[in-house]
Amino acid sequence: MIAIQNVRLFDGENISKSATVEVEGQHIATVLSGETPPRTDSGCQIVDGRNHTLLPGLIDAHTHVFGSVANLRTALAFGVTTELDMFSFPPELTSLLYEVVEEDDGLADLLSAGSVVCKPGGHPTQLMTALPTLSQPQEAEEFVAQRHKEGSRLLKLIFDNGRHAGFDLEMLDLDTASAAVRAGHARNMICVAHACDIAAVRMALSAGVDALTHVPVEGPLPEDVVRQCVQQGVTIIPTLTMMEMSTADTGRALAGDVLISQNLSADDVHAIRCGREGLAVGSGDLRHAMASTLRLHRAGVPVLAGTDANNAPGRLSPVVHGASLHRELELLVKAGLTPLEALASTTSGPADLFNLTDRGRVEPGRNADLVLVAGDPTTDITATRSITRVWRRGTPFDLDGFRASVT
Ligand SMILES: [Zn+2]
């Protein structure tokens, strides 16, 4: 048994000043509030939690693992115990990763969308020609059945004509997208739409998706779109870190924070400093994305922290697994969420939307996915970077060993 004693506890929703959390095997066994005398029974490992805050393992609601186990290890070093992988190909790679993370608690867990729903000639077929594509509504049922069989645990739909990034690509039509969403819902798959501009957001909403990811930098979301989001009960995963790295250089300071760089290879640090993204290069203003995120939040639309981390060996992207989630939380607070709301957006929020009833909150019976940080991230969100311990399913992550191995 592990007992984390007298710790400030964020349980996924609320904060308690002092609590003790006991872990038995892979699960949280008990949560006791108030000060407790130190346990003395042998076989119980005591962790003194004073001046620290215990959080549920963080969930990054938008990443791309690209089959890289190293990405999942780095993510865990930053307290990210689950990644929602929003596109992966080929499916054999996804199946293999599922097996690896089931065996190895030294890696973040993942749920993958697998192959995305896109048109022939649509994004991202310009990057990867072998992808399966969907042309018409009559094919949607079979297309989605195939993705489900391959191990896609959620459905990702691409609404993107590429024009914001200087391409001219085919975009899903409304009937086809709607048919895919119906086929996804019939299999209890949460349907997430990639939509970077306002026209794409409108079409994704008309198709009936459950969540939107990215948030336009071309201009503020119009009031009727915000209203429609509320009426349809959609969730937003704005990926402000990705939008920032596509439009402004302000996020690059992350590379200079030793609490970040101590967990990263020289390549990853270089990627944050110098990598480029193509989502909306040069054409937009991050302030629109920040303002729209706040308006949606104030209107009652759930906001989830997702980064679009997509670096991998050989791919120099400034949005790096694990590290960028801490920037995302900071940006959400800069946008106007409270630190407590930002913390919920990366714990209970994604757990609730994606029906991950075994994680996202500190309560008995849930997986012991836990992060211990020095200080109080409920008043200063950047304290999430001061990680002293991480557990996945009750297994402590060897932070010192990891840091010593990073070059
Ligand atoms: Zn993405």
Side-chain angles (χ1 to χ4, degrees), residues 59-68 71-72 74-75 80 82-89 93-94 97 108 110-119 122-128 131 147 152-162 164-165 167 169 171-172 189-197 200-201 204 209-217 235-247 251 271-272 275-281 284 286 289 293 303-312 315-325 327-328 331 345-346 350 353-354:
I59 300 171
D60 187 334
H62 186 148
T63 75
H64 300 279
V65 182
F66 291 135
S68 164
N71 279 338
L72 295 172
T74 305
V80 174
T82 302
E83 289 202 353
L84 305 182
D85 176 80
M86 288 287 165
F87 164 57
S88 177
F89 188 80
L93 209 54
T94 314
L97 278 182
L110 87 157
L111 270 82
S112 180
S115 272
V116 292
V117 182
C118 66
K119 260 251 182 7
H123 180 69
T125 59
Q126 80 278 22
L127 307 169
M128 229 177 262
L131 291 180
R147 302 289 82 72
S152 295
R153 307 246 170 110
L154 53 117
L155 202 62
K156 172 91 175 295
L157 298 96
I158 306 291
F159 296 86
D160 197 337
N161 59 21
H164 59 88
F167 296 104
L169 303 169
M171 184 150 120
L172 282 172
M189 296 165 92
I190 298 292
C191 298
V192 181
H194 159 113
C196 307
D197 58 53
V201 169
V209 299
D210 304 295
L212 300 162
T213 187
H214 307 306
V215 62
V217 289
T235 294
I236 179 100
I237 310 167
T239 67
L240 294 174
T241 309
M242 168 56 89
M243 307 325 287
E244 177 181 47
M245 287 301 192
S246 304
T247 56
I272 296 174
R276 288 283 148 203
E277 285 298 345
L279 206 53
V281 172
L286 180 69
T293 299
V303 176
L304 304 185
T307 60
D308 210 359
N310 66 101
N311 65 306
R315 182 185 159 81
L316 190 69
S317 160
V319 188
V320 169
H321 287 258
S324 54
L325 185 71
R327 179 64 181 166
E328 186 71 21
L331 286 173
S345 81
T346 188
L353 177 67
F354 290 93

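Every number for a ligand or one of its atoms is a count from 1 in the order of the listing.
- The minimum distance between the Zn ion (ligand 1) and any N, O or S atom of Asp308 involves atom OD1.
- There is a side-chain donor-acceptor pair under 3.5 Å between Asp85 and Ser112.
- The Zn ion (ligand 1) is closest to atom NE2 of His64 (considering only N, O or S atoms).
- Not one N/O/S atom of His214, from backbone or side chain, sits under 2.8 Å from the Zn ion (ligand 1).
- Under 2.8 Å from the Zn ion (ligand 1) lies an N/O/S atom of His62, whether from backbone or side chain.
- Annotation: side chain of Val201 is in contact with side chain of Pro216 (closest heavy-atom distance under 4.5 Å).
- Aromatic ring orientation, Phe87 versus His64: perpendicular (interplanar angle above 60°, classes split at 30° and 60°).
- In this model, a donor atom of one side chain and an acceptor atom of the other lie less than 3.5 Å apart for Thr241 and Glu328.
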